[in-house]
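To start, the structure under review is shown below, and the notes come after it.
These figures come from a predicted structure and were not determined experimentally. Keep in mind that the numbers below use all heavy atoms, side chains included, and drop hydrogens, waters and symmetry copies. Each chain gets a letter, A, B and so on, in the order the sequences are listed, and its residues count up from 1.
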Amino acid sequence: MTREDRIARTFADFRARRRAALVGYLTAFDPDRETSYARISAALRAGVDVLELGVPFSDPTADGPVVQGAMLRARAAGATLAGVLQLATRLRAEHPQVPIVLFSYANPLLRLGEEVGARLSGAGIDAALVVDLPAEHAAELREPLRAASVGWVGLVAPTTPAQRLPGAAAVATAFVYAVTLRGVTGAALDADRSELSDQLRALRAHTTLPIAAGFGVRTPQQAATLARHADGVVVGSALIEASQRGEDELVATVGSLAAALAREEAGP
Amino acid sequence: MSPPVGPSLQFGPYGGRYVAESLMPAVEALGRAWPEAWDDPSFRAEYERILAEYVGRPSPLTPAPRLAAAIGAAQVLLKREDLNHTGSHKINNCVGQVLLARRMGKRRIIAETGAGQHGVATATVCAYFGLPCVVYMGAVDVERQRLNVFRMRLLGARVVPVHSGSATLKDAINEALRDWVAHVDDTHYVIGSVMGPDPYPTMVRELQRVIGIEARRQALELLGALPDVVVACVGGGSNAMGIFSGFLDDAEVALVGVEAAGEGLHGKHAATMTKGRLGIYHGMRSLVLQDDDGQLQEAHSISAGLDYPGVGPEHAMLRDTGRARYVSVTDEDALEGLRLLSRTEGIIPALETAHAVAALPRLCAEDPSRTLLLNVSGRGDKDMHTVMARADAEDEVDA
């Protein structure tokens with residue numbers, strides 16, 4: 001199966017079953033390599049459908065305290081991009097069907113230079129989500145990744161004005177991530193806001209790709225509400241916090257989120 | 001083959017708008033509002049009026065004969081940004097940006113600060129206009145710049161200590177960016193240097209250009225000629241871009257930026273122009289101190305204002321084109337520079353400025369016949385605590 005196919009097929013399967021996929025974010029190497037490998041594997045077995053694997057970065061300006069803390073622990077445990085890609089390779093071998101999206105800031109990927117496509121592709125990464133490369137600059141990494149059949153995740157925010165939507169959506173090749181909240185990751189979300197459903201509906205007009213929505217999703221209820229408007233629901237900070245309380249807590253949290261999505265019909 | 005870098009790089013391969021999508025609309029709005037305001041004569045007139053009535057511009061150009069004699073130079077001139085209201089060049093930029101924020105209908109101001117000078121200047125201008133102000137400051141800097149923290153609070157600003165990372169300037173910027181993402185509708189982020197996403201590097205340079213324009217005119221009045229060398233310290237690089245921009249078209253004037261070598265270039269330092277590599281950081285493509293894994297390295301300088309692992313993109317371009325050159329000065333040499341200017345001219349400079357002072361003997365040795373123009377970017381009152389701690393330690397060693 002080619003890489004973007006793995007993402008496309010997963011979302012198509014979920015759409016056919018009229019439910020949203022659970023996109024789970026965890027930071028690689030948090031709190032250390034082997035624990036994070038075990039936790040991520042457990043989360044995938046417990047119902048995470050698409051893995052967003054975070055590359056620790058020294059200056060995560062778009063992230064809130066929970067993800068910052070995870071990145072700090074990971075870096076203290078010796079995380080490097082090479083180490084993260086090795087972790088991805090092992091996860092790929094154990095979970096051949098699960099789409100793996102690499103979440104990163106631009107600078108670590110930029111340092112790989114011309115090898116970036118081959119390195120990510122070789123580690124079984126299906127797509128990259130680079131928070132500080134807006135549509136204007138996306139080509140810098142998107143093109144070398146595309147040449148290696150690694151997809152690109154587009155980002156839109158609640159602040160994205162109508163005239164930016166087409167461009168922001170058009171750079172995506174894998175799926176579009178709709179940030180549902182003003183602020184950094186992990187802040188509080190009111191999933192019932194009508195503004196949110198309007199935002200997601202407007203985005204549909206500009207892309208045929210799947211839409212994953214997230215930022216601030218903590219409870220099964222919030223996940224279920226978002227699932228009515230999106231093909232995937234992204235949960236990050238809540239999983240990191242659960243994982244800090246132990247594997248059992250992480251598995252239980254993933255289970256309750258997955259169960260909530262299974263009960264709700266996904267967006268159109 | 002290098003990949004395409006997008007349409008909006010302003011300084012050769014440097015610049016750009018490398019921010020999260022959540023911030024792009026705000027950055028775009030600023031990109032539209034800034035040139036429109038700057039081209040509006042009424043905006044300029046108000047900016048210039050406040051600089052004259054409130055900041056105290058023009059700042060003098062002071063001949064420094066005893067300093068010149070001490071280092072064997074033909075002539076040294078000092079551009080006295082230390083005499084501005086609040087004690088540094090930073091306020092030139094703050095006046096312009098807060099005026100712009102008002103014009104854009106933003107009612108809340110945030111800023112980062114390293115040495116505290118930019119924070120004090122922002123807090124001052126916010127007090128002048130009656131706007132709420134939040135200043136993010138690394139916890140380490142809060143400790144070493146206690147006087148400025150007190151000044152900001154006295155001026156009505158809220159100072160938020162930042163404990164993450166190295167708890168210095170870069171972390172303060174990280175936190176200010178997070179605040180901006182969360183409050184983008186009503187908030188303007190007053191970046192204090194020629195860095196960050198476009199239009200900041202251009203806007204801050206233009207707002208600091210007044211230094212170079214005045215200095216050039218004053219040098220011509222005083223000497224009937226231009227100086228041979230213009231020298232300024234570089235952290236992010238705003239005082240240097242301010243004075244350089246007045247002389248960029250005068251090919252015969254050499255431009256020298258002085259950055260912080262900290263404990264030495266093989267130890268902990270902040271010498272981005274000497275040791276940095278191309279990177280994407282804090283919204284810009286520029287030179288960055290980073291490891292092989294693309295992680296930012298923690299900078300070090302005795303001067304909080306130079307303690308930053310990045311540099312403004314225009315400086316990176318000026319380095320590449322050779323129009324300016326960049327040298328570095330250690331903590332020890334900077335302290336010596338501070339004493340030198342204090343004793344020869346009765347001017348206690350900021351530790352940032354002291355780096356530029358410390359480079360003068362070297363520049364003079366290259367050709368003693370030249371006239372050197374030094375930008376005295378700020379005064380040293382804020383640094384007395386740091387300098388006293390060092391002096392006490394040295395006295396103990398002597399005893």
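Heavy atoms of Glu28(B) lying under 4.5 Å from chain A belong exclusively to its side chain. Of the atoms belonging to Ile173(B), not a single heavy atom falls under 4.5 Å from chain A. With a 4.5 Å cut-off on non-hydrogen atoms, His282(B) touches chain A through its side chain but not through its backbone. For Ala147(A), no part lies near chain B; criterion is any non-hydrogen pair under 4.5 Å. Proximity to chain A (any heavy atom under 4.5 Å) is restricted, for Val184(B), to the side chain, taken from C-beta onward. There is no contact between Gln297(B) and chain A, counting heavy-atom distances below 4.5 Å. Contact annotation for Pro60(A): both backbone and side-chain heavy atoms come within less than 4.5 Å of a heavy atom of chain B. Neither the backbone nor the side chain of Arg142(A) comes within less than 4.5 Å of any heavy atom of chain B. Looking at Leu110(A), the atoms closer than 4.5 Å to chain B (heavy atoms on both sides) all sit in the side chain, from C-beta outward.
Ser58(A) contributes no side-chain N or O that, together with a main-chain N or O of Gln295(B), makes up a donor-acceptor pair within less than 3.5 Å. Between the side chain of Asp132(A) and the backbone N or O of Tyr18(B) there is no donor-acceptor pair closer than 3.5 Å. With hydrogens and angles ignored, the 3.5 Å screen pairs no side-chain donor or acceptor of Asn174(B) with any backbone N or O of Thr61(A).
One distance of note links CG of Asn107(A) with CG of Leu296(B); it measures 6.5 Å at 0.5 Å rounding. In this structure, CG on Asp292(B) lies 11.0 Å from CG on Leu112(A), to the nearest 0.5 angstrom. Considering CG of Asp59(A) and OG of Ser164(B), their distance stands at 8.5 Å, rounded to 0.5 Å.
Looking at Glu21(B) and Tyr177(A), their side chains never bring a donor and an acceptor atom within 3.5 Å of each other.
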Give the intermediate values and the outcome of side chain to side chain contact (heavy atoms under 4.5 Å, CB included) for residues Arg17(B) and Glu136(A).
-> CA-CA 8 Å; Arg17(B) 291 177 174 170; Glu136(A) 286 78 352; over 6 Å; no

Starting from the C-alpha separation in whole Å, work towards a yes-or-no answer on side chain to side chain contact (heavy atoms under 4.5 Å, CB included) for Asp291(B) and Arg111(A).
-> CA-CA 9 Å; Asp291(B) 65 17; Arg111(A) 280 249 70 78; 5.9 Å; no

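Comparing Leu177(B), Leu23(B), Asp185(B), Asp171(B) by how many heavy-atom pairs each has under 4.5 Å with chain A, the most go to Asp185(B).
A 6.0 Å sphere centred on CZ of Arg277(B) holds more than 12 heavy atoms belonging to other residues, nucleotides or ligands. Residue-environment remark: CZ (Arg205(B)) exceeds the threshold of 12 foreign heavy atoms within 6.0 Å.
When side chains are defined from C-beta on, Ile280(B) does not count as touching His137(A), because their heavy atoms never get closer than 4.5 Å. In this structure, the side chains of Gln68(A) and Arg178(B) come closer than 4.5 Å at one or more pairs of heavy atoms.
Residues Thr159(A) and Ser22(B) share a closest heavy-atom pair of OG1-O, 2.9 Å.
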